[in-house]
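Step one of this worksheet: look at the structure below.
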Protein chains: 2
Amino acid sequence: MVDCALRLLDRVGLPDLSMRRLATELDVQPSALYWHFASKQELLAAVAERILDTIPAPDAATSLADTAGSIRDALLAYRDGAEVVMSTYALRLGTRRAQDALGASLGDADQTAADAVFEFVLGHTTLLQQRMHAQSIGAVAPDAADPTAHADEVFDAGIRAFGSLSAARSPR
Amino acid sequence: MVDCALRLLDRVGLPDLSMRRLATELDVQPSALYWHFASKQELLAAVAERILDTIPAPDAATSLADTAGSIRDALLAYRDGAEVVMSTYALRLGTRRAQDALGASLGDADQTAADAVFEFVLGHTTLLQQRMHAQSIGAVAPDAADPTAHADEVFDAGIRAFGSLSAARSPR
DNA sequence: ACCTGAACACCGTTCAAGT
DNA sequence: ACCTGAACACCGTTCAAGT
């Protein structure tokens, strides 16, 4: 059932991922979903956890750039993945898998820096995916030649900044 | 009419800011709104621009921390402000006022770093506001003692990271 | 120029009742 | 234990018609 929601998300996007549509996909009445999940939010939390499933276990030997990259990849693997994860992370449902991996790469005891990096990755990827959708709809402003062109550069610049933060700390 | 939307947003939040509710507030039929705005998205773009109106003009003499702080303040001034700005920024509606101010503080010709900082600020503030709302509803997980407690620390850590990026560049 | 009235095609959620 | 049927209180948007 979560698998079906994940496939539907990837096919139609978050705005069109409704309980009614998911029910139709499962050949079931909408009300049947509420025996399994108390609300749509709870269903989305399960979907978010599945999206983050592919990120590797925390490993101090993995560079920040690689860890951040695999989190970005996990979010990009499904349409609107970042937005789904963002909304459930805000409610503190789901695991802290992503932050733990980032924390390990930063070699930091407290999680402040890891939280900041995760917030950057979520913000960046949410924007990127919304832009991808806007572009496919043709709803983008005409002045923007290639909406997603410099996204990688911006992402790298951000990760480099956070990397220099940890480099400045570790020598102590 | 945008003022009314802004007040309504602050009162009820983005999920409850509907065209029908706004119409009721204005003592008008919902369809009347579509003479002024082609869609809800367009209305939200106007609201987003108003939210960002209070951020100061670009000034190289203003520190990155101050500029980022005033952008954060502008977003926090209205309920769900960050999410509204995020969704219209993705569509590239509205101005680049925030990024221009950040670019000036970074003393940078290209806008890559400014974009990265803005993405961090948007991600951070969106998460913070969603958490504030979840808390007021009481819908937050029980293990989180004080959801918004360390938000300032995380924000400062992020901005410090981006600050060190520009510091490492300017000596060249 | 600006708005109404009525409709179209949807939503999330609840809850008694069925099997 | 798991699902149906029917309802409740909503959505964004369109469009002919009014003034």
Side-chain angles (χ1 to χ4, degrees), chain A residues 1-50 79-80 83-88 90-91 93-94 130 133-134 136-140, chain B residues 1-50 79-80 83-88 90-91 93-94 130 133-134 136-140:
Chain A
M1 172 161 166
V2 178
D3 306 84
C4 185
L6 204 46
R7 282 193 308 269
L8 188 57
L9 171 70
D10 201 43
R11 187 145 46 86
V12 305
L14 185 56
D16 289 336
L17 175 56
S18 65
M19 296 300 265
R20 296 179 112 103
R21 189 146 180 188
L22 178 58
T24 302
E25 210 76 18
L26 292 164
D27 275 312
V28 115
Q29 291 304 112
S31 50
L33 301 177
Y34 289 85
W35 194 90
H36 301 277
F37 294 95
S39 66
K40 188 180 181 181
Q41 279 282 13
E42 213 170 81
L43 186 262
L44 287 179
V47 170
E49 216 152 325
R50 203 84 123 213
R79 174 135 62 131
D80 293 336
E83 213 173 330
V84 172
V85 168
M86 200 159 186
S87 71
T88 80
L91 301 177
L93 303 168
Q130 286 184 3
H133 182 241
S136 76
I137 292 296
V140 94
Chain B
M1 171 163 169
V2 177
D3 307 82
C4 185
L6 204 46
R7 281 194 308 269
L8 188 57
L9 172 70
D10 201 42
R11 188 144 46 85
V12 304
L14 185 56
D16 289 335
L17 175 55
S18 65
M19 296 299 265
R20 296 179 112 103
R21 189 146 181 186
L22 177 58
T24 302
E25 211 76 15
L26 291 163
D27 274 312
V28 112
Q29 292 303 112
S31 49
L33 301 178
Y34 288 85
W35 195 89
H36 301 275
F37 293 94
S39 64
K40 189 180 180 181
Q41 280 283 11
E42 214 170 79
L43 186 263
L44 287 179
V47 170
E49 215 150 327
R50 203 84 122 214
R79 169 128 74 125
D80 293 336
E83 211 173 334
V84 172
V85 169
M86 200 160 188
S87 71
T88 81
L91 301 177
L93 305 167
Q130 286 184 5
H133 181 242
S136 76
I137 292 294
V140 94

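Letters go in sequence order (proteins before strands), and every chain restarts at 1.
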Per the under-4.0 Å heavy-atom filter, residues of residues 26-47 of chain B near DNA chain C come out as B:V28, B:Q29, B:S31, B:A32, B:W35, B:H36

Tell me, which of residues 2-18 of chain B have any heavy atom that sits under 4.0 Å from an atom in DNA chain C? none

Kindly give the atom pairs (protein nitrogen or oxygen, nucleotide nitrogen or oxygen) under 3.5 Å for nucleotides 16-18 of chain C.
none

Counting N and O atoms only, with roles assigned by atom type, does the side chain of A:D10 sit under 3.5 Å from a partner on the main chain of A:R79, one being a donor and the other an acceptor? yes

Based on Watson-Crick and G-U pairs with both distances under 3.5 Å, what dot-bracket line describes DNA chain D 5' to 3', crossing pairs as [ ] and inter-strand pairs as |? ||.|||||...|||||.||

Nearest-0.5 Å distance, CE of residue B:M86 to CG of residue B:L14: 12.5 Å

What's the separation between atom CG in A:L22 and atom CZ in A:R7, rounded to the nearest 0.5 Å? 10.0 Å

Can you name the closest pair of heavy atoms from [X] and [Y] and give their distance?
X: B:D80; Y: B:P15; result: OD2-CD, 3.5 Å
X: A:A134; Y: B:L91; result: CB-CD2, 3.2 Å
X: A:A90; Y: B:Q130; result: CB-OE1, 3.1 Å

How would you list all residue pairs meeting salt bridge (Lys or Arg N to Asp or Glu O under 4.0 Å) that involve residues 22-32 of chain B, not counting sequence neighbours? B:R11-B:E25

Applying salt bridge (Lys or Arg N to Asp or Glu O under 4.0 Å), which residue pairs with at least one partner in residues 14-23 of chain B are found, sequence neighbours left out? none

Residues which pass side-chain hydrogen bond (donor to acceptor under 3.5 Å, both in side chains) with B:R50, listed by chain and number, not counting sequence neighbours: B:D3

Which atom pairs, donor and acceptor, lie under 3.5 Å between side-chain atoms of residues 29-49 of chain B and protein residues at least two apart or in another chain?
from  : atom 1 : to    : atom 2 : distance (Å)
B:S39 : OG     : B:E42 : N      : 3.3
B:K40 : NZ     : B:L17 : O      : 3.0
B:E42 : OE1    : B:A38 : N      : 3.1

Taking CZ from A:R20 and C1' from D:dG5, how many angstroms apart are they, rounded to a whole number? 12 Å

Whole-Å distance separating the CE atom of A:M19 from the P atom of D:dT4: 14 Å

Taking the P atom of each, how far is D:dC10 from C:dA9, in whole Å? 22 Å

